[in-house]
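Input: a single structure, listed below in structure tokens.
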Amino acid sequence: MANIVQFENVGLRYGNGPETLSDISFALAPGSFYFLTGASGAGKTSLLRLLYLSQRPSRGIIRLFGEDAVTMPRGRLPGFRRRIGVVFQDFRLVPHLSAADNVALPLRIAGMPEAEIADPVSEMLAWVGLADQADAKPETLSGGEQQRVAIARAVIARPEMLVADEPTGNVDPEMADRLLLLFDSLNRLGTTVVVATHDIQLMQRVSGAQMMRLVKGRLQDPTGTLRHPPAREPA
Amino acid sequence: MSGPVAQNAERTRRVLDEARGVRAMVWIIAIMLFLTVLGAALGLATRNAANALESELVGRATVQLVASDPTRQEAEAGKALSALRGMPDVRRAELVDREELAALLRPWLGDDGADPDLPVPTMIDLELATEGPATLSRVRAALNRVAPSARVDAQEAWMAPVADFLDLVVLIAFVLVVLLATATAAVVVLAARAGLDAHRHTIEVMHMLGSTDVQVARLFQRRIARDAGVGAAIGSLAAIAMLLLVSAQAAELGSQLLGQASLGPSGWATLAMLPIAFVLLAALAARFTITRALESVL
Ligand SMILES: Nc1ncnc2c1ncn2[C@@H]1O[C@H](COP(=O)(O)OP(=O)(O)OP(=O)(O)O)[C@@H](O)[C@H]1O
Ligand SMILES: [Mg+2]
């Protein structure tokens, strides 16, 4: 299969300000694992927002799952978004829904029969260590617990691509390891994973992962491997 | 709906915080419907009364004869009657019975009205085959020849101000109902906007997880329609209770005009349709507002 994501000379400008992202060109091979790094304010979240279709670029070409994502009509966005799991930097849990209902949301939106929802939800909550908090509302959960609910929600529908923005920022190193293992096993099942993080130790945990580095809105790609990714050998 | 589908719908509906937002709308819609049903009832009843009046009066005229002495009056009346009966314009001409006349006059004259010596005009009740001033003047001309003291009144003419008044009341009631419907739609639009605003965060999340606009709109629409339905039911039931009370009291009065001002089965049916129409209106207004608002976000 061709690249799952392709950016060509993409620029992003918020309002009339300066370009937050400039000349971004890269391609993501399906089934690969990427880390996105960069200083705070470098534009990581902005880049991921383009990736999960929450923002259109000011210029350039973005192809997602082989289709032009820039001119894609609004009506087709939901179908594409359902193929992408997102862990937002600020979690974005629905405040009056329990942890379990938050995790179940992607399945309900996709129209899965109610009878088939309960099992995967409790399995997923158990995976992130929240089996006992299934009925808890987000406001009664700690930051790290909320983050884990967000991760469970992002992966439950087995997306083709997982985009996670600082997914381990609020958890202890042990839980960070465990969550990374979750991403890795999802990746082994074929999901392309993109994780934005500051945590260098984390990056060393995943063998075969590639690095993308943003500096002031520009992607560092001295060897050109991000533009033309080598095909990844099956694990 | 049943089983898992209903359950799913129920779960998804809870995505919106039930405690927040549109509760006030229930009461506003209840008040709107209360006023609308009363306004519509007023309009319908008045229209019925106007129709009844018209069907009774159109094509009817009265001839009054007052001569200097009763014998002459009687003679003139006889000639007038036969002249009128000979006219193609006149379908029916009937002498109003003296007894009947006395009964009509009793409220003013008491039992003296029955006194045979009392000079009372002779009245001829006319049913005309055609309407209009031309007919009346032909009738007048014909009468003038045989009974110079005759005076012809089209009942329509002297009731015209009443009919005009009734028409005005119907018009006012109609305008009232239209204004209330407009105000209700405006309230729903405001409530929908407030709901969208209060749930902006949730809607954004739903969109990012792949919700379609239709899925998001359905959450609000259902809720607004349900709130509007509850409000409409409360308002119209209160109004109908009030109308029943009023019509019971009117029946006790036994007034003829009020009796004709009844709603009739079609009137009651129209009133019953109003809350349904308003709930549909609310759902449409909500859908319109929400889809318009959602189109502006990515
Ligand atoms: N919605 C927005 N409107 C205007 N400017 C924005 C918006 N979002 C981000 N920016 C600006 O774009 C730049 C990059 O922000 P971004 O959130 O992408 O950085 P980041 O790399 O994710 O930072 P962090 O590591 O702190 O999360 C910042 O200067 C920020 O102020
Ligand atoms: Mg960020």
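Chain identifiers are assigned alphabetically (A, B, ...) following the order of the sequence lines, protein sequences preceding nucleic acid strands; residue numbering begins at 1 within each chain. Scope of the values below: all heavy atoms of this structure, side chains included, with no hydrogens, waters or symmetry mates. Keep in mind that what you see is a predicted model, and the values were worked out from it rather than measured.
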So, A/R74 side chain and B/L294 main chain: donor-acceptor pair closer than 3.5 Å or not? yes

Between A/R81 and B/L209 (side chain of the first, backbone of the second, donor and acceptor by atom type, cut-off under 3.5 Å), is there such a pair? no

Do the side chains of B/H201 and A/V94 get nearer than 4.5 Å, heavy atoms only? no

Taking atom OH of A/Y14 as the centre, does the number of heavy atoms from other residues, nucleotides or ligands within less than 6.0 Å exceed 12? yes

What do you reckon, is CZ of A/F80 surrounded by more than 12 foreign heavy atoms closer than 6.0 Å? yes

Against chain B, label [X] side chain, backbone, both or neither, depending on which of its atoms sit under 4.5 Å from a heavy atom there.
{"X": "A/F88", "answer": "side chain"}
{"X": "A/R56", "answer": "both"}
{"X": "A/I84", "answer": "neither"}

Count the heavy-atom pairs under 4.5 Å between each of B/M208, B/Q215, B/E295, B/H207 and chain A, then report the option with the highest count.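 Max contact count across the listed options: B/M208.
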
Between B/E204 and A/R92, does any NZ, NE, NH1 or NH2 come within less than 4.0 Å of an OD or OE carboxylate oxygen? yes

Working to the nearest 0.5 angstrom, can you tell me the gap between B/T202 OG1 and A/L97 CG? 7.5 Å

Greatest number of heavy atom pairs closer than 4.5 Å to chain B - which of A/R153, A/R82, A/Q55: A/R82

Contacting moiety of B/V214, where chain A heavy atoms sit under 4.5 Å: neither

Indicate the atoms forming the closest heavy-atom contact of B/S211 with A/P78, along with that distance.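 Heavy-atom minimum between the residues: O-CG, 3.7 Å.
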
